[in-house]
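Everything quoted here is computed from the prediction, not taken from an experiment.
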Amino acid sequence: MQYLAMPSNDIRRNLATEQYLMNSDHMQVPFMLFYIEDSCIIVGRNQNTLEEINQKYCEEHGVTITRRLSGGGAMYQDMGNLCFSFVVPSDQIKFGDFKDLVKPVVDALHEMGATGAEVTGRNDIVIDSKKFSGNAMYSRDGKTFSHGTLMYNVNTEVVADALQVPKDKIESKGIKSVRSRVTNIMPYLKPEFQNLTTQQFRDELIKRIMKVDTIEEAQKNEYHLTDEDNQAIEEIENKWYKNDEWVYGKSPDFTVKKRKHFTGGTIDARFMVEHGKIANLKIYGDFFGTGDVHELEEKLTGVDYRPAAMQEVLSNVDLNKYFVGIPREEVVDLLTEQH
């Protein structure tokens, strides 16, 4: 299996690289990517960026903000965090099945001493009931990529300052704060792995995933970006990850807000209703899905804002395509209920 240890520490460059390699044939699937970033927040595809971040703090502390193509929630990263991506054929993995896809990483952590590490919930890897890894998934053109974080030696104090985690999400997990929920994996590893740089930690993982004794052996399967690759990556970076319209989006005014946290993710629907009809609809959240939720927004736009009319439209829609792991009837109830 090929892999790439990205040379950049800019999240926007690295996400563009990931997108480029997934959509090209330069690396044969399955393959892995590893990257390490300066301070940044990556919001999920369907989230309302300004509601997820503490913008003043991020501006004052130089925290880069961008948006990824996959669903899920906002993630804070710094140089103490290691990111990894698996890219596999879509027919080899069930969408939303993180446990099988991240198993090589979990197995490697077990070998390094973190024997209590386990995948839990929809997309977290935890130890002692504390999260040190969040994962997200995206499918396109017959390929699925799952990318995740590994908090090795992250400044956890900053996580709570930079992010604005909604109260209902914290309460649903039975915790009092973000700080009490996250941890670094470093202290759970064997002593010889507790004083590594993040790059050294990455190399130890690569060796175990590739099942070799030295990083030099693993590097025989390492991909190196060409000038042609870098030019294409730069174009993607500017079009998407440095584009404020993509990162922040346009937030129209709304007259109705419906929000609920489910086991499979949070759905936050904003309706603008004019003359009894849905004039505008925007659905935010950290849910996962293989479809673009904008398709669902368009289907309901122009429909009478009445439960029966909305339910009729939704009866012909495969909601699991947009909200994996959230029961259909609960999505319908949330979108159509009226007070």
> Salt bridge check, D97 against K99: does any charged N sit closer than 4.0 Å to a carboxylate O?
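The answer is no: the pair does not qualify as a salt bridge.
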
> Tell me yes or no: between the side chains of Q194 and Y188, is some donor less than 3.5 Å from an acceptor?
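Result is no, nothing qualifies.
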
> Okay, side chain of T66, backbone of Y241: is any donor-acceptor separation there less than 3.5 Å?
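Yes, T66 side chain to Y241 backbone: donor-acceptor pair under 3.5 Å.
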
> Given the rule in the ring pair (Phe, Tyr, Trp, His ring centres under 6.0 Å) test, do F288 and Y322 qualify, once you have shown the distances and angles that lead to the verdict?
CA-CA 7 Å; F288 295 109; Y322 307 104; over 10 Å; no

> Using side-chain hydrogen bond (donor to acceptor under 3.5 Å, both in side chains) as the criterion, list what pairs up with E312, not counting sequence neighbours.
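Checked E312 against side-chain hydrogen bond (donor to acceptor under 3.5 Å, both in side chains); zero matches.
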
> Test side chain to side chain donor-acceptor pair (under 3.5 Å) on T115 and H110; report intermediate values, then the result.
CA-CA 4 Å; T115 56; H110 287 176; over 6 Å; no

> Would you please say whether a donor-acceptor pair under 3.5 Å links the side chains of S90 and T144?
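Side-chain D/A pair, S90 to T144: present.
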
> Locate the shortest heavy-atom distance separating M151 from N81; write the atom from each residue and the value.
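The pair with the smallest heavy-atom distance is N-OD1, 3.5 Å.
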
> Suppose we screen for salt bridge (Lys or Arg N to Asp or Glu O under 4.0 Å). Which residues come up paired with D38, at least two apart in sequence or across chains?
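Per chain and number, D38 pairs via salt bridge (Lys or Arg N to Asp or Glu O under 4.0 Å) with no residue.
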
> With K258 as the cation and F271 as the aromatic partner, state whether NZ or CZ is under 6.0 Å from the six-membered ring centre and within 45° of the axis.
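Pair K258/F271 counts as cation-pi.
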
> For K130, is there any backbone N or O sitting under 3.5 Å from a side-chain donor or acceptor partner on T183?
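Not a single qualifying donor-acceptor pair exists.
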
> Yes or no on salt bridge (charged side-chain N to carboxylate O under 4.0 Å, His left out) for E337 and R306, after CA distance, side-chain angles and deciding distance?
CA-CA 9 Å; E337 67 180 358; R306 294 183 295 105; over 6 Å; no

> Can you tell me if D229 and Y20 form a side-chain donor-acceptor pair at under 3.5 Å?
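Side-chain D/A pair, D229 to Y20: present.
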
> Are H147 and F86 close enough that their ring centres sit under 6.0 Å apart?
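No: the rings miss the under 6.0 Å criterion.
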
> Roughly how far apart are R67 CZ and L15 CG, rounded to 0.5 Å?
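Reported to 0.5 Å precision, the distance equals 12.5 Å.
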
> May I ask you to say whether E295 pairs ionically with K299, meaning some side-chain N is under 4.0 Å from a carboxylate O?
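Here E295 does not pair with K299 in a salt bridge, since their nearest N and O are not under 4.0 Å apart.
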
> Which ring pair (Phe, Tyr, Trp, His ring centres under 6.0 Å) pairs, counting each pair once, include a residue from residues 111-139, with sequence neighbours left out?
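Sorted result for residues 111-139: Y138-F145.
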
